[in-house]
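Below is one structure, written out as C-alpha cells; comments come after it.
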Amino acid sequence: ILVVMAGMVLFSSLIGNTAALITQSRNVAYKRVLEIDQMRSFLAQSGVSLDIGNQVMHHIRSAQQTRARLLEGDVAALRTLPPSLLTELRYEVYSRALRYPFFTWLNTSHSKTMSLVCQQAVSQIAYGRDEEPFAHHTQYQGMFFVQSGKFRYFPGVNSFVGYGNDSCKLQHETKFVEAGEGLAEAGLWMEWEHRGLLKATCRCYVIHIDPMEFRLSILKRVSSVRRVKFYAQRFLDKVKAAMHGGDII
C-alpha cells in the first residue's frame, strides 16, 4: 500500500510539473504573438513604409528567438552562491574567455586586479541578428569582446547605410568582427563616442566591459596602476596615430 501511495504522489507531482511547463510555454507564446500584433498595429497606425516595416518585423522575430547559449544572468542559482565563491567562479570564467592582449597581460602580471575587473566590470550580453549594440556618434557603451557570432562594423558618418541592403555602395569600407576579437577599447582609456555602426549578422554573444567599473577596479589595486597607466598611454598614442580613428584600432 505504501508503495502504491508513493507512486501516486510521484505521479501527481509529475503531472503538476508538466502542467506548469505547458502553461508557462503557452504564456511565452502568447506574449510573443501579442508583441508582434502590437508592433503591426503601431506600424500601420503610424503610416510606416513597407520597407521599414518589414525590417522592423524581421528584427522583432529575430529578437524573440530562443537563446542557444546560457548567460550568467540566466542562471538564477548563481545568486545563491557565497560572494567569495562567486568571485572565484567569475574570475575563472572570464579570465579564460577574455583572450585579448591587454586582459591576457593583466591576468598574467596582476591576477588580483584581473579578478576585480571580472567581478565588477564584466557581463555577458546576447544580440539577435540585425541588433545594433551601438551607432555612430552615440554615447560610449563599453568595450565588446565577441565570444561567438559575427558583427559587421560600418565606420564613419555614412554608417546609416547599414539599414539598407548589402548592395549599397559604401563610401567607407566595412569590417567584420568575429569570435575572439574585441572592439571599442579606446573608451576604456579616454572620453569616446562611437565612430560607426555595429550590427549583428547572426545571433551573437559578447563579453561587455563597463568603462566606469573597469576604471574603479584598476584604481583599487595600487600595485598595478602605474603599469596600466603606461599601457594606456601607449594605446592612446596608437589611437592618435591611426588615420581612421574608428572603434577598431
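Note that the structure is predicted; figures quoted are calculated from it, not measured. Note: hydrogens, waters and symmetry copies are ignored here, and every other heavy atom, side chains too, is used.
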Pairs involving residues 226-235, ordered by first then second residue, that meet salt bridge (Lys or Arg N to Asp or Glu O under 4.0 Å) (sequence neighbours left out): none
Closest non-hydrogen atom pair, Val239 against Met190: CG1-SD, 4.4 Å
With Gln147, which residues qualify under side-chain hydrogen bond (donor to acceptor under 3.5 Å, both in side chains), at least two apart? Gln124
State plainly whether one hydrophobic cluster holds both Leu86 and Leu116, where clusters connect Ile, Leu, Val, Met, Phe, Trp and Tyr through side-chain heavy atoms under 4.5 angstrom apart. no
Using the side-chain contact (heavy atoms from CB on, under 4.5 Å) criterion, which residues pair with Glu181? Sequence neighbours excluded. Val177, Glu178
Rounded to the nearest 0.5 angstrom, the NE2-CG distance for His136 and Leu197 is 10.0 Å
Assess the residue pair Phe151 and Phe144 against the criterion (side-chain contact (heavy atoms from CB on, under 4.5 Å)); give the C-alpha distance rounded to whole Å, side-chain angles, the decisive distance to 0.1 Å, and a yes or no. CA-CA 11 Å; Phe151 289 92; Phe144 296 85; over 6 Å; no
Measuring only between side-chain heavy atoms, which start at C-beta, is Asp247 closer than 4.5 Å to Leu198? no
By side-chain contact (heavy atoms from CB on, under 4.5 Å) - contacts of Pro82 (at least two apart): Ser84, Leu85
Between atom OH of Tyr127 and atom CD of Glu132, what is the distance when rounded to the nearest 0.5 Å? 11.0 Å
With side-chain contact (heavy atoms from CB on, under 4.5 Å) as the test, would you mind laying out the steps for His194 and Tyr140 before giving the verdict? CA-CA 6 Å; His194 290 294; Tyr140 183 60; 3.5 Å; yes
Would a distance-only check, ignoring hydrogens and angles, find a side-chain to backbone donor-acceptor pair under 3.5 Å from His110 to Ile218? no
Closest approach of Thr138 to Ala135 (non-hydrogen atoms, all atoms of both residues): OG1-O, 2.6 Å
Looking at Leu71, is its backbone amide N or carbonyl O close enough to the side chain of Asp74 to form a donor-acceptor pair, meaning the two atoms are under 3.5 Å apart? yes
Tell me, with the steps shown, if Val48 and Val56 meet side-chain contact (heavy atoms from CB on, under 4.5 Å). CA-CA 10 Å; Val48 176; Val56 170; 5.8 Å; no
Go through the steps for Val228 and Val225 under the test side-chain contact (heavy atoms from CB on, under 4.5 Å), then give the verdict. CA-CA 5 Å; Val228 171; Val225 169; 5.9 Å; no
Minimum heavy-atom distance between Gly128 and Ala200, given as atom pair plus value: O-CB, 3.4 Å
Is it the case that the side chain of Arg215 and the backbone of Leu188 share a donor-acceptor pair, with hydrogens and angles ignored and the cut-off at 3.5 Å? yes
All side-chain hydrogen bond (donor to acceptor under 3.5 Å, both in side chains) counterparts of Ser109, not counting sequence neighbours: Trp105
To the nearest 0.5 Å, how far apart are CD in Glu185 and CH2 in Trp192? 10.5 Å
Members other than Met212 in its cluster, when Ile, Leu, Val, Met, Phe, Trp, Tyr link by side-chain heavy atoms under 4.5 Å? Leu216
Examine distances only and state if a side-chain atom of Asn107 and a backbone atom of Phe103 form a donor-acceptor pair shorter than 3.5 Å. no
Hey, could you give me each pair passing salt bridge (Lys or Arg N to Asp or Glu O under 4.0 Å) that has a residue in residues 84-96? Not counting sequence neighbours. Glu72-Arg90, Glu92-Arg96
Find out if a path of hydrophobic residues (ILVMFWY) with successive side-chain heavy-atom gaps under 4.5 Å connects Tyr94 to Val75. yes
For the hydrophobic clusters of this structure (ILVMFWY residues joined by side-chain heavy atoms under 4.5 Å, transitively), does one cluster hold both Phe230 and Tyr100? no
Qualifying residues under side-chain contact (heavy atoms from CB on, under 4.5 Å), relative to Ala179, sequence neighbours excluded: none
Gap between atom CZ of Arg203 and atom CZ of Arg129 - 0.5 Å precision: 12.0 Å
Check whether any side-chain heavy atom of Met114 sits under 4.5 Å from a side-chain heavy atom of Leu98, and report yes or no. yes
Can you name the residues that form a side-chain contact (heavy atoms from CB on, under 4.5 Å) with Ser115, not counting sequence neighbours? Thr87, Tyr91
Any chance the side chains of Thr201 and Arg152 put a donor and an acceptor closer than 3.5 Å? no
Under 3.5 Å, which donor-acceptor pairs link side chains of residues 37-46 to any protein atom two or more places apart or in another chain?
from	atom 1	to	atom 2	distance (Å)
Ser41	OG	Asp37	O	3.1
Ser46	OG	Phe42	O	2.8

Distance-minimising heavy-atom pair for Gly149 and Cys202: CA-SG, 3.8 Å
State whether the side chain of Asp210 and the backbone N or O of Ala121 hold a donor-acceptor pair below 3.5 Å, judged by distance alone. no
Would you please name every residue forming a side-chain hydrogen bond (donor to acceptor under 3.5 Å, both in side chains) with Ser224, sequence neighbours left out? Thr113
Minimum heavy-atom distance Gly142-Pro211, with the two atoms named: CA-CD, 3.8 Å
State which residues pass ring-ring contact (aromatic ring centres under 6.0 Å, His included) with Tyr153; sequence neighbours excluded, sorted by chain then number. none
